[in-house]
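Written below as structure tokens is the structure these notes are about.
Just so you know, ligand 1 is whichever comes first in the structure, and atom 1 is the first atom listed for that ligand.
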Amino acid sequence: MDLKKQIETLEKALKEELKSVKNQADLQNVKAKFIGKKAELSSFMKHMKDLPNDEKPLFGQSINKAKGRFNELIEARKEALRQEEINKKLAQETIDVTLDAPDFSVGTRHILNQIIEEIEDLFIGMGYQIKEGPEIESDEMNFEKLNLPKDHPARDMQDSLYISEDTLLRTHTSPVQVRTMLEYGGKRPVKIICPGKVYRRDDDDATHSHQFMQIEGLVVDNDTTMSDLKGTLLEVARKMFGPDREIRLRPSYFPFTEPSVEVDVTCANCDGAGCNICKQSGYIEILGAGMVNNKVLKDSGYDPEVYQGFAFGIGVERMAMLKYGIEDIRHFYTNDLRFNKQFNR
Ligand code: PHE
């Protein structure tokens with residue numbers, strides 16, 4: 001027999017069959033057919049006995065070599081099959097990241113909260129603590145201890161919503177000053193800001209709201225002066241309205257501060273030259289402040305001979321309205337998403 005030829009024919013047939021193998025089971029069958037015990041190649045061994053002795057080794061070697069080659073071909077196909085299967089699996093599991101995501105709406109932090117946080121950050125940087133107080137307040141904390149006895153005419157400045165004769169919705173955040181001084185028990189220094197909601201008996205319109213937000217500030221120490229107050233408020237004005245702003249203090253009146261001031265900032269629109277926004281004055285009023293009245297210090301446990309303090313009250317809505325040109329305070333509370341989303345900073 002021509003062994004070489006027969007092996008070549010077998011090898012060709014093997015290559016052909018391997019091409020059409022689709023899975024590992026098919027491959028096992030092919031393997032059995034070509035190099036298994038009952039394979040044609042193995043049957044060639046039977047012819048060995050008919051050969052002269054000196055040809056026997058070569059004959060055997062040829063068959064064994066062919067078996068080795070066949071095995072390599074089968075193993076190579078096995079590996080290729082494995083790769084194909086992995087690739088198929090990967091392709092099936094691919095996520096198409098170019099697919100459009102469904103549109104879902106993401107919330108925005110409310111502009112008033114954003115402003116409160118900005119101011120809190122500024123004051124935390126200057127060593128202040130944040131304090132909160134109750135919105136349902138006693139007449140004593142809201143008025144009496146702030147130098148506003150029952151028949152004081154200045155009570156009319158803040159039309160109040162009473163719950164009972166001596167309980168009301170706080171009209172300002174100033175009672176938190178009193179609460180904090182009492183809590184500190186005469187110890188220095190007091191350096192706090194108190195953000196929160198306040199309530200007034202007002203008819204709602206473009207510039208009035210029965211509920212709005214304030215940030216109170218209070219410092220009590222034994223070296224506190226009006227220039228400390230001015231420097232601090234200049235920081236607030238610049239943080240809110242830009243680094244080039246200047247402020248001016250005008251005399252004013254609050255029962256709990258003496259002297260009291262209204263604070264104006266140079267108009268950011270015209271840089272102080274005068275325009276429609278600042279009504280040609282070059283300035284815009286932003287807050288009220290003053291040196292803590294001696295009586296208020298004394299009533300909350302601080303000796304005015306030793307301690308002085310300054311306080312200020314920021315209207316948060318007013319800040320936002322001035323900063324963003326918002327013309328109606330009601331926008332803050334009506335939750336129109338078109339309004340709220342503008343402040344997604
Ligand atoms: N409490 C005052 C108001 O609501 C603002 C203010 C606070 C003024 C602190 C001076 C000092 O009108």
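Counted by atom type alone, T224 and Q308 present zero donor-acceptor pairs between their side chains at under 3.5 Å.
At least one N or O atom of S174, backbone or side chain, sits closer than 3.5 Å to an N or O atom of ligand 1. Checked by distance only, ligand 1 and T171 stay at 3.5 Å or farther apart across all their nitrogen or oxygen atoms. Residue Q214 places at least one N or O, backbone or side chain, under 3.5 Å from an N or O of ligand 1. Considering backbone and side-chain N/O of Q177, none are found under 3.5 Å from N/O of ligand 1.
Every atom of ligand 1 is numbered from 1 in the order shown, and the set under 4.0 Å from a heavy atom of A289 is 10 (C), 11 (C). Which parts of ligand 1 touch E216 is read off a 4.0 Å heavy-atom cut-off, strictly below it: atoms 7 (C), 9 (C). For ligand 1, the atoms lying closer than 4.0 Å to a non-hydrogen atom of F312 are 7 (C), 9 (C), 11 (C).
Remark: minimum distance from atom 5 (C) of ligand 1 to any protein heavy atom is reached at G313 CA, 4.1 Å. The closest protein non-hydrogen atom to atom 2 (C) of ligand 1 is F256 CZ, 3.7 Å. The closest protein non-hydrogen atom to atom 12 (O) of ligand 1 is Q158 NE2, 3.8 Å.
Around atom CD of E132, no more than 12 heavy atoms belonging to other residues, nucleotides or ligands sit under 6.0 Å away. Other residues, nucleotides and ligands contribute only 12 or fewer heavy atoms inside 6.0 Å of the NZ atom of K22.
Atoms CZ and CG, on R188 and N222 in that order, are 4.5 Å from each other to the nearest 0.5 Å.
The residue E262 has no part lying near ligand 1, judged by heavy-atom distances below 4.0 Å.
A ring-centre distance under 6.0 Å is not found for H210 and Y333.
The shell of residues lying under 4.0 angstrom from ligand 1, judged by heavy atoms, excludes M291.
Listed by chain and number, the residues in a ring pair (Phe, Tyr, Trp, His ring centres under 6.0 Å) with F339 are H331, F332, F343 (sequence neighbours excluded).
Cluster partners of L90 are I86, counting Ile, Leu, Val, Met, Phe, Trp and Tyr whose side-chain heavy atoms approach within less than 4.5 Å, directly or via other members.
Between R200 and D159 no salt bridge is recorded (no basic side-chain N to carboxylate O distance below 4.0 Å).
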